[in-house]
Amino acid sequence: MVQTPVPAASPDAPARQLASEVFVLGFPLVVMDTIRRAHPLAANHFRLFPRVSQDLVPGLFLDDPDCLHSSAIVDLGAGPTVLHLPNTHGRYISLTLIDSAGEAFASLGSRSDEHLAGDVMLAGPAWRGEARAGLRTLRTPCDCVWAVSRILARSAPDRPAVEGLAAEQGFAFPWAPSPASSGPAAKAGLDVLDLGAMRQVAEMEPPALFHRLRHLVERGPQPVRQRLGGALRERIARLERNSQAGARADDILLRGFADGWNAIRAARRAMDGEPLREWTSAAPAAGAAEPVERAAAVLAVLGAPLREDILTLRCNADESGRPLTGQEQYRLVMPAARLPPALSAWRLSAPPRERAAAGDVIGDHSPLVAAPDGSLELFVQRDPPARRHAVNWLRAPDGPFELRLRLYAPTADTLGGAWRMAAVERLGSRGGGGRLDRLARRLATAPARQLRALGRLQWSISA
């Protein structure tokens, strides 16, 4: 049952409720179709994304700033194609394959050793045939697939080399003598539409939405057709049968669409929930049961990788449950045996919560200094810490922020929950809120006899 709040009883309430349900049920399909239309008309060619565009692909916002993104719409309606991945020479790469309902279903890259250069044949659900000998075949749940590639640069100066590697990605005819990249080199910048994909869906006129949904359901993955096909067709037919032509009828439907959009956004905000003092996966649970939850998951992490490829953990509160803020100073201590267990790389960032920004980043690529026992002590605060701690400093923004830990190719123990990231310890406030400052204030207000006792204690220790 689709639960979308609609204002109380009125003659228009049933139609408005139906319109809201149609919008929520069809949201993932229409958003993915908008992503498809945002690409150039020719399919099966990679294009570089511009610098992170959260409006278009929110899932990219979870990535490291040094991660280069490229994208292709793969059309398998006319038959299979061979996807070529380049040799990244040790750099992390993952290519996430996403179906037409916005759900990631497979990945290629470092986790499966395609970072050494590899070719994989992609074939749609209806294809019948045999692949060339020695060529791995991957079945897709639908004929239209979105491929999102990530290559992690070693540093900012390494980015031009990574762009060259991204240009080597491509597609070839399955039975060509050489399945190396045959498409044109990736160009700088995806041909992005003027409006963000989400806003376009929210502003769609009823006839256009109904027409697109009928077509998209039929082309969607079989589970989507089974789950949504009948429900969407029945609701659309009732709306078209009972609604009267004219501006008032369109206004009722548009109000219903707005109700659905507001319900999705409310569910998206609820995903953040209460302050997270425990490190929690940034990705919503796969296969959400409720349509509103499914739509909210698309809105939150569209384009995100599988957690087996990149596990992103979030924390927005210290160990006592207080929200993280740039007005405070924090520390994380990781014993030598509990360092982030990633096979490729790990990154820690502190993005602000109130605006889209990546925030500063430290990680295994940084010149961090471990203690003699191998443990790692990290300091998170706006202003530089004491000189001896400055090398292990992650700059925090001014206001509320959260910590994000990204594990590239996480270990099985991590995915299973056996490893836990260190808790965030609050050290004190900026401008006189630290432990030493609090001690100084207590001493300044202490009675004379306490100060004399403290002086005798210090003298006895030094003697």
Side-chain angles (χ1 to χ4, degrees), residues 1-38 77 98-103 125 141-144 146 193 195-268 287-299 302:
M1 182 67 179
V2 184
Q3 299 295 329
T4 56
V6 171
S10 75
D12 303 330
R16 186 169 169 176
Q17 177 67 38
L18 279 176
S20 175
E21 295 175 4
V22 167
F23 187 92
V24 169
L25 288 167
F27 181 81
L29 292 169
V30 179
V31 167
M32 281 302 300
D33 187 56
T34 307
I35 293 292
R36 179 184 65 83
R37 292 167 182 257
I98 302 171
D99 67 21
S100 58
E103 295 195 15
C142 50
D143 285 334
C144 185
W146 185 28
L193 298 176
L195 298 176
M198 309 307 173
R199 281 177 30 217
Q200 291 181 48
V201 175
E203 296 168 2
M204 188 171 295
E205 296 292 329
L209 181 64
F210 294 162
H211 174 76
R212 287 175 71 176
L213 275 177
R214 287 192 177 97
H215 173 70
L216 295 173
V217 168
E218 295 307 318
R219 294 194 61 188
Q222 183 177 2
V224 173
R225 295 198 303 270
Q226 294 174 341
R227 187 176 69 245
L228 297 182
L232 275 172
R233 283 191 294 268
E234 183 265 339
R235 285 167 170 81
I236 291 174
R238 287 170 59 188
L239 285 171
E240 291 179 333
R241 183 170 59 249
N242 298 330
S243 65
Q244 311 239 342
R248 172 167 173 72
D250 283 349
D251 180 67
I252 294 171
L253 297 181
L254 287 173
R255 287 177 182 272
F257 290 173
D259 294 333
W261 175 237
N262 289 334
I264 293 170
R265 291 195 297 178
R268 166 67 188 96
E290 292 296 328
V292 172
E293 295 173 356
R294 289 179 181 273
V298 169
L299 180 61
L302 180 64

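The structure presented is a predicted model; accordingly, all values stated were derived computationally and were not measured.
- Minimum interatomic distance between V292 and A267 (heavy atoms only, all atoms of both residues): CG1-CB, 3.5 Å.
- The two atoms that bring I252 and A15 nearest to each other are CG2-CB, 4.0 Å, heavy atoms only.
- Using a 4.0 Å cut-off between charged nitrogen and carboxylate oxygen, D259 and R255 do not count as a salt-bridge pair.
- Between Q222 and P125, the closest side-chain pair of non-hydrogen atoms is not below 4.5 Å.
- Classified by interplanar angle (parallel below 30°, tilted 30° to 60°, perpendicular above 60°), the ring pair W261/F27 is tilted.
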Assess the residue pair V224 and E103 against the criterion (side chain to side chain contact (heavy atoms under 4.5 Å, CB included)); give the C-alpha distance rounded to whole Å, side-chain angles, the decisive distance to 0.1 Å, and a yes or no.
CA-CA 11 Å; V224 173; E103 295 195 15; over 6 Å; no

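- Using bins of under 30°, 30° to 60° and over 60° for the plane-to-plane angle, the ring pair F257/F210 lands in the perpendicular bin.
- The main-chain N or O of G220 is found under 3.5 Å from a side-chain atom of R225 such that the two form a donor-acceptor pair.
- Atom CG of L299 and atom CD1 of I264 lie 7.5 Å apart (nearest 0.5 Å).
- The OG atom of S100 sits 13.0 Å away from the CD1 atom of I35 when rounded to the nearest 0.5 Å.
- Residues E218 and R214 are not paired through a salt bridge, judged by the lack of any N-O separation under 4.0 Å between the basic side chain and the carboxylate.
- A 4.5 Å side-chain heavy-atom check between R294 and L25 finds every atom pair outside the cut-off.
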**Prompt:** When you look at E21 and L239, which way does the side chain to side chain contact (heavy atoms under 4.5 Å, CB included) test go after all the steps?
**Reply:** CA-CA 11 Å; E21 295 175 4; L239 285 171; over 6 Å; no

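- Residue R235 holds its CZ atom at 9.0 Å from CD of Q17, rounded to the nearest 0.5 Å.
- Note that CD of E240 and CG of L18 are 11.5 Å apart. Values are rounded to the nearest 0.5 Å.
- Rounding to the nearest 0.5 angstrom, the gap separating the CZ atom in R233 from the CG atom in L213 is 11.5 Å.
- Taking each heavy atom of G26 and L232 in turn, the nearest pair found is N-CD2, 4.2 Å.
- Taking CZ from R212 and CG from L29, the interatomic distance works out to 10.5 Å, rounded to the nearest 0.5 Å.
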From CA spacing to verdict: side chain to side chain contact (heavy atoms under 4.5 Å, CB included), V298, M32: CA-CA 9 Å; V298 169; M32 281 302 300; 5.8 Å; no

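- Of the possible donor and acceptor atoms, none in the side chain of S20 sits under 3.5 Å from a partner among the backbone N and O of R16.
- Considering all non-hydrogen atoms of both residues, A101 and P28 come closest at O-CB, 3.3 Å.
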